[in-house]
Amino acid sequence: RKEVEQDPGPFNVPEGATVAFNCTYSNSASQSFFWYRQDCRKEPKLLMSVYSSGNEDGRFTAQLNRASQYISLLIRDSKLSDSATYLCAVNKGGSYIPTFGRGTSLIVHP
Amino acid sequence: DVKVTQSSRYLVKRTGEKVFLECVQDMDHENMFWYRQDPGLGLRLIYFSYDVKMKEKGDIPEGYSVSREKKERFSLILESASTNQTSMYLCASSSPSGPIPLYEQYFGPGTRLTVT
């Protein structure tokens, strides 16, 4: 089993839809979790860190499920500009080295 | 805002050439990283550094070396470029933040290297 797994997609959704991605991790010692957004031919940019209690930033909500070892990203009211690849990253406890998933592609169409 | 810059956006080199990729960050981050990203393979860690003159191998160090003489600068060297090193190269930096602590990564714009 890969350390960090994501469904590559693409997820094809209409504008205004709600879409959710999951990212599973295999190491139960993982402590820090992140979502990054990567536009085509650009660098990944931090979207949000994922806290144990879950966190929300506008239309984006991140959740952590330690029991089932996955994190999720929910995007409400999708915009065309949300089209991108979403990478999850997981750090083992005490480590500053992330393991990245291969990303989930989102395409929002009119 | 954290700024990570890379010396070139696009580079074309010939097989066997020595290639230098430079990365500079302006936020006094301790940790710096070099990745390559290829379609279908995701981000793969080549080397990382947690301090000046310190370096550690990542998952795919073969054919690469690194140098960190100053805290803000981390260089990736391809000793003898080969066609299978054609890729997007991304530099990143991080530093602990918050009580947990978190090590959020900040990436440079990338260098698209083509080896012919």
Side-chain angles (χ1 to χ4, degrees), chain A residues 2-10 21 23-27 29-55 57 60 62 64 66 71 84-105, chain B residues 1-6 9-10 23 25 27 29-51 54-61 87-114:
Chain A
K2 291 195 189 91
E3 281 192 67
V4 179
E5 288 198 77
Q6 295 183 255
D7 180 342
F21 317 127
C23 166
T24 59
Y25 60 94
S26 60
N27 192 323
S30 299
Q31 289 260 355
S32 311
F33 309 88
F34 310 90
W35 283 105
Y36 290 81
R37 171 200 168 119
Q38 186 172 24
D39 293 301
C40 190
R41 302 181 78 82
K42 297 280 183 96
E43 75 273 24
K45 291 186 178 172
L46 181 69
L47 181 64
M48 52 202 305
S49 304
V50 186
Y51 303 120
S52 297
S53 53
N55 43 306
D57 183 3
F60 298 83
L64 166 63
R66 283 196 186 274
I71 61 172
T85 297
Y86 292 83
L87 304 171
C88 66
V90 176
N91 288 29
K92 291 176 214 169
S95 171
Y96 57 88
I97 305 163
T99 300
F100 284 89
R102 294 188 183 183
T104 295
S105 174
Chain B
D1 257 4
V2 177
K3 190 149 187 198
V4 182
T5 56
Q6 294 183 228
R9 293 300 299 271
Y10 300 94
C23 174
Q25 50 94 4
M27 282 300 290
H29 282 176
E30 292 106 355
N31 309 316
M32 296 189 74
F33 306 78
W34 276 106
Y35 297 91
R36 63 179 283 178
Q37 187 174 36
D38 301 286
L41 295 178
L43 282 165
R44 291 183 290 168
L45 182 61
I46 304 171
Y47 266 97
F48 60 98
S49 167
Y50 56 89
D51 202 351
M54 305 307 290
K55 56 189 178 186
E56 298 283 346
K57 292 179 181 178
D59 300 318
I60 52 161
S87 187
M88 168 74 112
Y89 289 88
L90 289 156
C91 174
S93 71
S94 75
S95 207
S97 65
I100 298 178
L102 298 174
Y103 289 92
E104 297 159 338
Q105 293 225 322
Y106 296 87
F107 287 84
T111 296
R112 195 164 288 279
L113 172 68
T114 303

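Lettering of chains follows the sequences in order, A, B, ..., and the numbering in each one begins at 1. Just so you know, these numbers use all the heavy atoms, side chains as well, and skip hydrogens, waters and symmetry mates.
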Report task. For the pair A:Cys23 and A:Trp35, evaluate side chain to side chain contact (heavy atoms under 4.5 Å, CB included) and give the outcome as yes or no after the intermediate values. Result -> CA-CA 10 Å; A:Cys23 166; A:Trp35 283 105; 3.8 Å; yes
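For B:Arg112, the part lying under 4.5 angstrom from a heavy atom of chain A is the side chain only. Only the side chain of A:Tyr36 comes within contact range of chain B, with heavy atoms under 4.5 Å apart. At a 4.5 Å heavy-atom cutoff, B:Glu30 makes no contact with chain A through either its backbone or its side chain. Proximity to chain A (any heavy atom under 4.5 Å) is shown, for B:Tyr50, by both the backbone and the side chain. For chain B, the nearby part of A:Phe34 is the side chain; its heavy atoms alone come within less than 4.5 Å.
Partners of A:Ser49 under the side chain to side chain donor-acceptor pair (under 3.5 Å) rule, at least two apart in sequence or in another chain, are B:Glu104. When the side chain to side chain donor-acceptor pair (under 3.5 Å) test is applied to B:Tyr103, no partner is found at least two apart in sequence or on another chain.
Each of A:Thr85, A:Thr99, A:Leu87, A:Ile97 has some count of heavy-atom pairs under 4.5 Å with chain B, and the biggest count is that of A:Ile97. Put simply, of B:Leu45, B:Asp59, B:Leu41, the one with the most heavy-atom pairs under 4.5 Å next to chain A is B:Leu41.
Residue B:Gln25 holds its CD atom at 13.0 Å from NZ of B:Lys3, rounded to the nearest 0.5 Å.
When side chains are defined from C-beta on, A:Met48 counts as touching A:Phe60, because their heavy atoms get closer than 4.5 Å.
For the 3.5 Å distance criterion, the side chains of B:Asn31 and B:Ser94 qualify, holding a donor opposite an acceptor.
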